[in-house]
Number of protein chains: 2
Amino acid sequence: MSSETKTVLTLKRFKVACGDCSLNTLCLPLGMAADDLGRLDAIIERKRPLARTENLYHCGEQFDAIYAVRSGSLKTYATSEHGEEQILGFHLPGELVGLDAIADGLHPLSAQALETTSVCEIPFDKLESLSAQLPSLQHQLLRLMSLEIHDDQKTMTALAQKSAEERLAAFLISLSTRLQQRGFSPNRFNLSMSRGDIANYLGLALETVSRVFTRMQNDGLLRVERKAVELLDQDRLYAYAGTPCPSASPQSSRHSS
Amino acid sequence: MSSETKTVLTLKRFKVACGDCSLNTLCLPLGMAADDLGRLDAIIERKRPLARTENLYHCGEQFDAIYAVRSGSLKTYATSEHGEEQILGFHLPGELVGLDAIADGLHPLSAQALETTSVCEIPFDKLESLSAQLPSLQHQLLRLMSLEIHDDQKTMTALAQKSAEERLAAFLISLSTRLQQRGFSPNRFNLSMSRGDIANYLGLALETVSRVFTRMQNDGLLRVERKAVELLDQDRLYAYAGTPCPSASPQSSRHSS
DNA sequence: CCGCCATATTGACGCAGGTCAAGATCGCGG
DNA sequence: CCGCGATCTTGACCTGCGTCAATATGGCGG
């Protein structure tokens, strides 16, 4: 193989078009016609992969693009004036990061790779003008922002009223579900974040997360060894989390006061 | 006065055009040209006011419009399968509700009036097509959704790592700031929600909220009597909340890992 | 104007989970 | 292959806040 071929291969790896990307049913392209996809492709820049602990952007920096995770994973976090970190989200392939910065043009959070991670950079001004022309793109952008609001509301609910067990169970379910949507096994996966990260995100102490993991393991709910998790009893895990199983029938509507 | 005149007046009260609405620098119209405003006006329906405890919509209902609060206030809340309520937001005039329902076309939350409240109904399909034509409308819609994400992140941070005192202080600051933006006094206002609602929202027990209020009052931070609150020491309240005072100088950026 | 019910306050007590501390285990660089 | 630092686990102890319970207060309907 000549070095030229290698270069081409490398470029190819960076330059998967949206139409060929396996994530296009989760990501921005969802619902777009093939020829419109080309116009979206044209404004997207594929960046070199980030190494673990490398930051995609820092809190306070100017916002001019949103990012779609292509592979790997990221955490987004705020830093208080006392230097403590608060993790606000973990982001898997096909998910967008940076949406929180549209409001005032500065990133309120930092984003850091949890493992080798590559992203697509989508300049926001171009995205805005393109989505004015492509209704399905505009719709999907609004949908994804709405989804983020919805997910944050679920996290808030967990933080406000769930016990340590319930929070961790809900967290694992969320990961499992999202991994499954991305074609991975829903019951065997690796945690790309540390215990400390999980604890921080869930508003718990690191030690509590560790203890709850062992407790769940002793209960036969799952097996966990370091980063590797295997969920052994989905149903019981759902019950644990206090979340209705997605297969459950929808409850009838409630009436006021 | 004839009854005809009264009718006209009543209609007038319902039908303030966006251009004449005092909230148009906070709400969707921000940044729009005067003649574009008319097109927005045309798709908005002003609804009859809601009475206290009346619901604007219920969780599970179909989504077809977002709402802007015109006067009064709302809470949005989820209901768990065991019937417990989790409040996820309080909404003041100029704020939008229902944005979380765009993602899958059903309302994930219910919205209930905390006092006599009137809203503008904005059919979502019409809003979408109009914002494809009016860049400033599209921009403001994205901005407001981004702002909601940002605000939810702040709430998550409070829930994950703040003490009861800090949460309540942060809550009061948030209310105070938002009321000030709307032309009300930032240090004398009425709480339209009950202690129970505040506690629920902040992930605390009702009794804790009550105790923290009295403690803060004894510390000279504020005066509170039933619904009426007077903030006596903004600076100390900010210090309490662990939130940097808005007048504070921005901290330098952080470096990774 | 009175009585009742919703709402709020205050106190006593217990526990989930935080903190501190001591190992254990892993993985990486030399 | 070894040693050291990062990460994780486990234990012991303590505290902030939840829970339960009693009392106060206000507002509204009759």
Side-chain angles (χ1 to χ4, degrees), chain A residues 51-53 75 82 84-87 112 114-116 158-171 190-219 222-229 240-242 256-257, chain B residues 51-53 75 82 84-87 112 114-116 158-172 190-219 222-229 240 242 256-257:
Chain A
R52 187 180 125 86
T53 77
K75 65 174 174 184
H82 313 302
E84 313 133 25
E85 166 176 303
Q86 175 61 47
I87 297 176
Q112 184 176 111
L114 293 169
E115 58 195 309
T116 305
L159 291 173
Q161 62 181 208
K162 288 186 200 255
S163 69
E165 271 87 359
E166 292 169 328
R167 288 186 214 180
L168 191 55
F171 172 72
N190 271 30
L191 302 167
S192 58
M193 68 295 288
S194 70
R195 298 286 188 276
D197 282 346
I198 297 173
N200 180 298
Y201 175 67
L202 296 178
L204 299 170
L206 185 158
E207 294 92 327
T208 304
V209 170
S210 188
R211 276 186 255 267
V212 172
F213 263 135
T214 34
R215 205 178 313 160
M216 284 177 166
Q217 177 156 263
N218 293 340
D219 288 3
L222 49 78
R223 284 198 323 116
V224 56
E225 192 192 343
R226 223 99 220 278
K227 306 263 169 193
V229 185
Y240 236 78
S256 72
S257 102
Chain B
R52 186 179 126 86
T53 75
K75 65 174 174 183
H82 314 301
E84 312 133 26
E85 167 175 305
Q86 174 61 47
I87 296 175
Q112 184 175 109
L114 294 169
E115 58 197 308
T116 305
L159 290 173
Q161 61 182 207
K162 288 185 200 255
S163 69
E165 271 88 358
E166 292 169 328
R167 289 186 214 180
L168 191 56
F171 172 72
L172 291 171
N190 271 31
L191 301 168
S192 58
M193 69 293 289
S194 70
R195 298 286 187 275
D197 281 347
I198 297 173
N200 180 297
Y201 175 67
L202 296 177
L204 299 170
L206 186 157
E207 294 92 328
T208 302
V209 170
S210 189
R211 276 186 256 268
V212 172
F213 264 135
T214 32
R215 205 177 315 159
M216 284 177 165
Q217 176 156 264
N218 293 340
D219 289 3
L222 50 75
R223 286 199 322 115
V224 55
E225 194 194 342
R226 224 89 218 277
K227 307 263 168 194
V229 185
Y240 235 78
S256 72
S257 106

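Throughout, protein chains are lettered first and strands after them, A, B, ... in sequence-line order, and every chain is numbered starting at 1. No experiment lies behind these values; they were computed from the predicted model shown.
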Tell me the interatomic distance from [X], atom [atom1], to [N], atom [atom2], rounded to whole angstroms.
X: A:Glu225; N: C:dG27; atom1: CD; atom2: C1'; value: 14 Å
X: A:Asn218; N: D:dT10; atom1: CG; atom2: P; value: 8 Å
X: A:Arg167; N: C:dG18; atom1: CZ; atom2: C1'; value: 12 Å
X: A:Leu191; N: D:dC8; atom1: CG; atom2: P; value: 9 Å
X: B:Arg226; N: D:dG27; atom1: CZ; atom2: P; value: 6 Å
X: B:Arg52; N: D:dG27; atom1: CZ; atom2: P; value: 12 Å
X: B:Leu159; N: D:dG18; atom1: CG; atom2: P; value: 12 Å
X: A:Gln161; N: D:dT19; atom1: CD; atom2: P; value: 11 Å

Using a 4.0 Å heavy-atom cut-off across all strands, classify [X] as base, sugar-phosphate, or nothing.
X: B:Ala164; answer: sugar-phosphate
X: B:Ser194; answer: sugar-phosphate
X: A:Leu206; answer: base

OP1 or OP2 of [N] under 4.0 Å from side-chain N/O of [X]:
X: A:Lys227; N: D:dT7; value: no
X: A:Thr214; N: D:dT10; value: yes
X: B:Arg195; N: C:dT9; value: yes
X: B:Thr208; N: D:dG18; value: yes
X: A:Arg211; N: D:dT10; value: no

Q: Measure distances between side-chain N and O atoms of A:Glu207 and base N and O atoms of C:dC20, and say whether any donor-acceptor pair falls under 3.5 Å.
A: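 Checked by distance alone, the answer is yes.
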
Q: Report the nucleotide, chosen from C:dC26, C:dG18, D:dT9, that has the shortest atom-to-atom distance to any side-chain atom of A:Ser210.
A: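 Shortest atom-to-atom distance from the side chain points to D:dT9.
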
Q. Atom CE of B:Met193 and atom CZ of B:Phe171: how far apart are they, to the nearest 0.5 Å?
A.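 It comes to 4.0 Å.
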
Q. Measuring from B:Leu191:CG to B:Asp197:CG, what's the distance to the nearest 0.5 Å?
A.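 Reported to 0.5 Å precision, the distance equals 10.5 Å.
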
Q) Are B:Lys75 and B:Glu85 ion-paired here, with the side-chain N under 4.0 Å from a carboxylate O? A)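 Salt bridge present between B:Lys75 and B:Glu85.
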
Q: By nearest nucleotide on DNA chain C, pick out whichever of A:Ser163 and B:Gly196 is the more 5' one.
A: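 Mapping each residue to its closest nucleotide by heavy atoms, the 5'-most match is B:Gly196.
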
Q. If every non-hydrogen atom of B:Ala228 is compared with every non-hydrogen atom of B:Asn190, which pair is closest and at what distance?
A.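 So the two residues come closest at CA-OD1, 3.8 Å.
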
Q: Show your working on side chain to side chain contact (heavy atoms under 4.5 Å, CB included) between B:Leu172 and B:Phe213 and close with a plain yes or no.
A: CA-CA 11 Å; B:Leu172 291 171; B:Phe213 264 135; 4.1 Å; yes

